[in-house]
Amino acid sequence: MGSPYAIEMLNITKRFPGIIANDNITLQLKRGEIHALLGENGAGKSTLMSVLFGLYQPEEGVIKKDGQVVSIKDPNDANALGIGMVHQHFKLVECFTVLDNIIMGVEPTKHGFLQKAEAREKVLALSEKYGLHVDPDALIEDITVGMQQRTEILKMLYRENEILIFDEPTAVLTPQEIDELMQIMRNLAAEGKSILFISHKLAEIMAVADRCSVLRKGKYIGTVETANTTAEELSAMMVGRSVSFHVDKKPSEPGEVVLEVEGMTMASKLHKNNAVKNVSLKVRRGEIVCLAGIDGNGQTEFVYGLTGLEPLVSGSVKLCGKDITRAPIRQRSVMGMSHIPEDRHKHGLVLDYSLEDNMVLQRYFEPEFTDKAGFLRRRNIRSYAEKLIDQYDVRSGQGPVTIARSMSGGNQQKAIVAREIDNDPELLVAVQPTRGLDVGAIEYIHRQLVAQRDEGKAVLLVSLELDEVMDVPDRILVMYEGEIVGELDPKKTTQEELGLYMAGAKRDEVKA
């Protein structure tokens, strides 16, 4: 055991068409430490971890494990070396159970028969030991994202991985699940596992990491001990300037009602009870209303009903006084509803289309983009996309012709935000608009939401981030088990009070 480092990545360079994703980066992970990797969207964090996990081959540089140079040609090599990874977008088979996903590829067999009982014992023992409580028989498609993530972590532990890579592990979790995950990571490190933790949430890094390495635009900026630094110093290292953590906005001046939802009830896919129960709310011009709550309390189904992705069981939705309860999605869009969806891959982008085609998904049929004969006006689409890319600082290797799938998650998100806001909506439905974004991009998107409000638009924000819920909206509606249990004024409430409503410990008789 000569080397104090479990993993060393020395002088790694990785290029893609039009971009150097990693430019001569060195990263050293000590045994038993939690090491954070911090950087803006597109700084090269996920690329660097994908090199370590064998998904990409670097053009230059070497990787050492315990002081010995190793070759990692694919994820199987990584697994053989004890390196495991939880990806930002989970790699699970939706129609399989939790147990089947965990043992896939390393199924225990005896005389050619699958030995599921002992695998199950091992999974239950691991879940008990590390506080990762899951139902091994539940189907992936029926469980929350937090549970899916636990499944991914158990997958690594089942394979007895010693080096654990977490790529943006908290992007999809609720505040409670984040606290649980932090505790799980501490337990793992205490057991001697070495953890690499990609994040751009400074509070989490300060809370859980021993050391933090910062990347900026593909280059290595430096490594600091978190005990000796501040969130402000880290954000300046990451973005190259100081960032405001507070949203500046003047008091709102609400006008007439733009969105009126009455008695909305939505079915649940998971159980017999309805996911949304008789919810009524109004959003007016010139105000940002936030629907807050712990994930899985009906917010997703509410948004599906509102935007036309799923039919209502009962109730009505009016936009600018017109009933759109049964209107198709395109009609809602044309009438002035824009939607930044929760799941950017499923509902936000066509991943195999170019960036420019994604930018006109809702508008390609307009005369500006399609001629009378029905042919796309390619030149107009290109210049429109270039305008948005420039305005919203969407970073991609090949500009408008970049395939959406190849962009970093944060830049995919910026592209969607650009498209939806530029549609000049009457109502902007923004569901977790800053999920997975860095502080610089969050600051920018919050400013865009406030600018929409100040232009007299109605904004409905759905968020799980407590800081965002406290900072951005003019009114907060808390959703718990499919009902609105409280209306709070962000200027007068506290995070503690908000947390009590979100957990269902407090409720008011709310007037719509």
Side-chain angles (χ1 to χ4, degrees), residues 1-12 22-41 43-53 58 61-68 70 78 81-86 88 153 156 161-171 178-179 181-240 242-243 438-439:
M1 303 295 271
S3 168
Y5 296 113
I7 286 287
E8 294 173 89
M9 302 185 75
L10 306 172
N11 311 103
I12 301 288
N22 293 152
D23 189 349
N24 188 20
I25 293 177
T26 290
L27 177 71
Q28 294 171 308
L29 172 69
K30 293 177 181 168
R31 280 196 198 83
E33 80 164 337
I34 300 178
H35 193 118
L37 190 58
L38 173 70
E40 290 183 281
N41 304 118
K45 310 180 295 291
S46 294
T47 303
L48 188 66
M49 291 303 99
S50 296
V51 166
L52 179 55
F53 194 57
V62 294
I63 298 175
K64 288 183 176 179
K65 177 169 188 248
D66 300 328
Q68 304 295 314
V70 291
L81 288 165
I83 300 170
M85 180 162 179
V86 174
Q88 186 174 359
I153 297 172
M156 297 196 293
N161 293 144
E162 291 300 311
I163 289 126
L164 312 179
I165 306 169
F166 290 86
D167 186 357
E168 297 286 350
T170 61
I178 290 173
D179 291 342
L181 176 70
M182 297 287 155
Q183 196 47 54
I184 289 163
M185 285 166 74
R186 289 187 194 101
N187 298 349
L188 291 167
E191 290 279 332
K193 310 247 182 235
S194 312
I195 297 177
L196 275 165
F197 162 49
I198 302 184
S199 179
H200 38 232
K201 293 190 184 167
L202 299 162
E204 289 169 11
I205 289 178
M206 298 301 288
V208 81
D210 301 307
R211 293 192 302 152
C212 175
S213 294
V214 182
L215 303 186
R216 185 160 81 229
K217 292 187 180 168
K219 290 186 163 52
Y220 171 74
I221 302 295
T223 301
V224 292
E225 304 259 344
T226 46
N228 309 334
T229 187
T230 63
E232 285 70 22
E233 282 172 19
L234 284 177
S235 77
M237 278 175 80
M238 160 167 128
V239 188
S242 61
V243 175
D438 60 69
V439 280

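When the salt bridge (charged side-chain N to carboxylate O under 4.0 Å, His left out) test is applied to Glu233, no partner is found at least two apart in sequence or on another chain. Qualifying salt bridge (charged side-chain N to carboxylate O under 4.0 Å, His left out) partners for Glu8, counting only residues two or more places apart in sequence or in other chains: none. Residues satisfying the side chain to side chain donor-acceptor pair (under 3.5 Å) criterion with Gln183, sequence neighbours excluded, are Arg186, Asn187.
Atom CE of residue Met156 and atom CD of residue Glu162 lie 11.5 Å apart, to the nearest 0.5 angstrom. Here the CG-CD1 distance, from Leu188 to Ile34, works out to 8.0 Å after rounding to the nearest 0.5 Å. The distance from atom CD1 of Ile165 to atom CG of Leu52, rounded to the nearest 0.5 Å, is 4.0 Å. The distance from atom CD1 of Ile221 to atom OG of Ser213, rounded to the nearest 0.5 Å, is 11.0 Å. Put simply, CD1 on Ile163 and CG on Asp66 are 6.5 Å apart, with the number rounded to the nearest 0.5 Å. Note: Met85 CE to Phe53 CZ = 7.0 Å, rounded to the nearest 0.5 Å.
Between the Lys45 side chain and the Glu40 main chain, a donor and an acceptor come within less than 3.5 Å of each other. The main-chain N or O of Met9 is never found under 3.5 Å from a side-chain atom of Lys64 such that the two would form a donor-acceptor pair. Looking at Lys30, its side chain never comes within 3.5 Å of a backbone N or O of Ala6 through a donor-acceptor pair. The closest donor-acceptor contact from the side chain of Arg31 to the backbone of Ser194 lies at 3.5 Å or more, if one exists at all.
Annotation: side chain of Asp167 is not in contact with side chain of Val86 (no heavy-atom distance under 4.5 Å). Within the 4.5 Å cutoff, the side chain of Met49 has heavy atoms near those of the Ile198 side chain. Looking only at side-chain heavy atoms (C-beta outward), Thr223 and Cys212 stay at 4.5 Å or farther from each other. The closest side-chain heavy-atom distance from Leu37 to Phe197 is not below 4.5 Å. Annotation: side chain of Leu215 is in contact with side chain of Ile25 (closest heavy-atom distance under 4.5 Å). At a threshold of 4.5 Å between non-hydrogen side-chain atoms, the residues Ile12 and Asn24 do not count as touching. Between Thr26 and Tyr220 there is no side-chain heavy-atom pair separated by less than 4.5 Å. For the pair Val51 and Ile63, the minimum side-chain heavy-atom distance is below 4.5 Å.
Under the side-chain contact (heavy atoms from CB on, under 4.5 Å) test applied with His35, the options Ile7, Leu196, Asp210, Thr226 reduce to a single match, Leu196.
Counted by atom type alone, Thr47 and Asn22 present zero donor-acceptor pairs between their side chains at under 3.5 Å.
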